Amino acid sequence: MNFGYEGKVAVITGSSQGIGRKTAEQMARLGAKVMLVARGENQLQEAKKEIAQFGEVDYIVADVKENDSAERIIEETIKRYGRLDVLVNNAGGSFAKPFEEVAISDWEDDLDLKLLAAVRMSKAALPHMKEDGGAILNLTAVLGKTPPSSSLPTTVSRAAGMAMTKAMSKDLGKYGIRVNTVCIGLIRSAQIEKKWQNEAPELTWEEYSKLDRHNIPLGRIGETEEAANVITFLCSDLASYISGDAVNIDGGSGHAL
Ligand SMILES: NC(=O)C1=CN([C@@H]2O[C@H](COP(=O)(O)OP(=O)(O)OC[C@H]3O[C@@H](n4cnc5c(N)ncnc54)[C@H](O)[C@@H]3O)[C@@H](O)[C@H]2O)C=CC1
Ligand SMILES: CC(=O)C(C)=O
């Protein structure tokens, strides 16, 4: 099977750790030149060193919430690698509270990080993808499809990310640009390990991962590799007829059809 990554260039935001970092590794292993983006240079250097064993990789230190960062990230990528084929809008975090406890500034911060940063990155990337086509992949969360109580503002930002993905796919298909989202359930990463330590430090990871209260039909929290596999596939030539889709990576925990 040919994923078609050879000679392609991918930008992945929030890729110094977690799902973004594993995705970068997989794309590099398949022949893509990968540009990592995150705020902390030390972790980026470490990620670059590790991924460089498998393929071509570099990094840009940037906060995707800063207004001019998207233009700078894309410009520096073009300067470094000469083209752009894949954009993964992965940077994010979780902030979930009941409606009454969410300040207006929390709404603004969350939408800025999870929705508007992806808009700015996609707008900056578009001129470089129009000629040869490409793939844009937005990370969202499965809870955005069926928002439960105490899940604001994150489920709203994520639902907006899904709606944006669908609408963008309609507008950009004519350029051969595919736009998809993956809706994450629970995947082991720094934020989930923190949750484990806060909620049940007395349990081993295996025990915590398998707790009934997570309500995961497959019986455990997923691994970063399992999310990266799907993202890498969706951005590859093997998914050449998939656009506007929202694919759950959640061990079956989502409730929506
Ligand atoms: N791990 C999970 O169970 C879930 C993850 N997600 C989403 O999937 C994506 C990846 O998740 P994880 O790997 O768990 O995340 P993580 O917390 O391990 O890593 C997130 C990455 O985003 C970067 N980042 C955060 N804010 C940034 C900013 N302003 N500018 C640049 N980089 C920034 C962080 O430095 C980090 O590299 C995130 O968008 C997350 O919200 C959604 C639902 C569940
Ligand atoms: C956990 C998380 O990052 C969400 C729901 O966006």
Side-chain angles (χ1 to χ4, degrees), residues 11-26 34-48 50-51 59-70 72-73 87-96 108-121 137-148 151 153-162 164-165 181-196 199 205 208-209 214-216 218 220-231 246-251 253-254:
V11 171
I12 306 175
T13 65
S15 40
S16 60
Q17 61 179 35
I19 297 169
R21 178 163 168 173
K22 187 50 94 176
T23 302
E25 180 192 314
Q26 292 197 357
V34 182
M35 188 60 92
L36 309 174
V37 179
R39 292 164 298 179
E41 182 150 23
N42 289 345
Q43 227 182 340
L44 279 167
Q45 272 173 350
E46 190 198 295
K48 177 179 168 177
E50 188 185 285
I51 296 168
Y59 68 79
I60 296 167
V61 181
D63 182 337
V64 295
K65 288 175 79 177
E66 280 171 9
N67 252 333
D68 58 352
S69 66
R72 180 168 69 80
I73 291 164
L87 168 64
V88 181
N89 289 310
N90 169 77
S94 60
F95 186 94
E108 288 168 350
D109 280 352
D110 206 69
L111 283 159
D112 192 30
L113 173 61
K114 294 179 185 161
L115 182 70
L116 295 179
V119 171
R120 291 189 290 264
M121 287 297 299
L137 193 293
N138 299 316
L139 272 278
T140 58
V142 74
L143 287 180
K145 292 184 176 181
T146 52
S151 70
T154 199
T155 49
V156 171
S157 303
R158 296 319 197 172
M162 288 177 217
M164 177 181 75
T165 298
T181 178
V182 292
C183 311
I184 307 291
L186 276 177
I187 293 288
R188 183 178 186 171
S189 69
Q191 59 162 312
I192 303 304
E193 289 190 351
K194 204 163 137 197
K195 199 167 135 73
W196 160 40
E199 288 176 3
W205 171 259
Y208 178 73
S209 164
H214 299 313
N215 279 319
I216 305 172
L218 291 183
R220 62 174 175 82
I221 291 173
E223 297 295 326
T224 50
E225 188 176 0
E226 294 175 295
N229 287 342
V230 180
I231 298 166
V247 178
N248 293 354
I249 308 176
D250 68 345
S253 66

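Quick caveat, the model's predicted, so the values are computed rather than measured. Read the numbers this way: they start at 1 and go in the same order the structure lists the ligands and their atoms.
Residue I192 has no N or O atom closer than 3.5 Å to an N or O atom of ligand 1. Checked by distance only, ligand 1 and L113 stay at 3.5 Å or farther apart across all their nitrogen or oxygen atoms. Inclusion of A141 in the set of residues having an N or O under 3.5 Å from an N or O of ligand 1 is not warranted. Ligand 1 has no nitrogen or oxygen under 3.5 angstrom from a nitrogen or oxygen of L139. Every N/O-N/O distance between S94 and ligand 1 stays at or above 3.5 Å. Note: no N/O pair closer than 3.5 Å links T140 and ligand 1 by distance alone. Not one N or O of K114 is nearer than 3.5 Å to an N or O of ligand 1, by distance alone.
Distances from atom 29 (N) of ligand 1 to the heavy atoms of D63, V61, I231 show the closest one on D63. Distances from atom 25 (C) of ligand 1 to the heavy atoms of R39, Q191, R188, K22 show the closest one on R39. The heavy atom nearest to atom 11 (O) of ligand 1, considering only T23, I19, I221, is found in I19. Of the candidates E66, K195, Q17, it is Q17 that places a heavy atom closest to atom 16 (P) of ligand 1.
D68 and R72 are not joined by a salt bridge, as no carboxylate oxygen comes within less than 4.0 angstrom of a charged side-chain nitrogen. Ion pairing of E66 with R39 is absent here, as no side-chain N (NZ or NE/NH1/NH2) approaches a carboxylate O to less than 4.0 Å. By the 4.0 Å N-to-carboxylate-O rule, D112 lies close enough to R120 to be salt-bridged with it. Contact check on R220 versus E226 returns a salt bridge, with a Lys/Arg side-chain nitrogen under 4.0 Å from an Asp/Glu carboxylate oxygen.
Only the side chain of S189 comes within contact range of ligand 1, with a heavy atom under 4.0 Å; no backbone atom does.
The CG atom of L113 lies 14.0 Å from the CD atom of E108; values are rounded to the nearest 0.5 Å. Distance check: L137 CG to N89 CG gives 8.5 Å after rounding to the nearest 0.5 Å.
Assignment of G185 to the shell around ligand 1 is supported, since a heavy atom sits closer than 4.0 Å. Ligand 1 lies within reach of R158, whose nearest heavy atom is under 4.0 Å from it.
Applying the 4.0 Å criterion to heavy atoms of N90 picks out, from ligand 1, the atoms 9 (C), 10 (C), 38 (C), 39 (O). Annotation for ligand 1: atoms under 4.0 Å from non-hydrogen atoms of G93 are 41 (O). Atoms of ligand 1 lying under 4.0 Å from any heavy atom of L186, numbered from 1 in the order shown and given with element: 3 (O). Applying the 4.0 Å criterion to heavy atoms of S16 picks out, from ligand 1, the atoms 37 (O). For ligand 1, the atoms lying closer than 4.0 Å to a non-hydrogen atom of A62 are 30 (N), 31 (C).
Inter-residue side-chain proximity for I184 and D250 is flagged as unmet; no heavy-atom pair is nearer than 4.5 Å. Side-chain contact between L143 and P148: present, with at least one pair of heavy atoms (C-beta onward) separated by less than 4.5 Å.
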- Query: Would R21 and E50 count as a salt bridge (charged side-chain N to carboxylate O under 4.0 Å, His left out) if you check the C-alpha gap in whole Å, the side-chain angles of each, and the deciding distance to 0.1 Å?
  - Reply: CA-CA 10 Å; R21 178 163 168 173; E50 188 185 285; 3.0 Å; yes
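Partners of Y208 by side chain to side chain donor-acceptor pair (under 3.5 Å), not counting sequence neighbours, listed by chain and number: E199. Applying the side chain to side chain donor-acceptor pair (under 3.5 Å) criterion to N90, with sequence neighbours excluded, gives no partner residue.
Of the residues listed (D109, T140, D110), the one engaging S157 in a side-chain hydrogen bond (donor to acceptor under 3.5 Å, both in side chains) is D110, and it is the only one.
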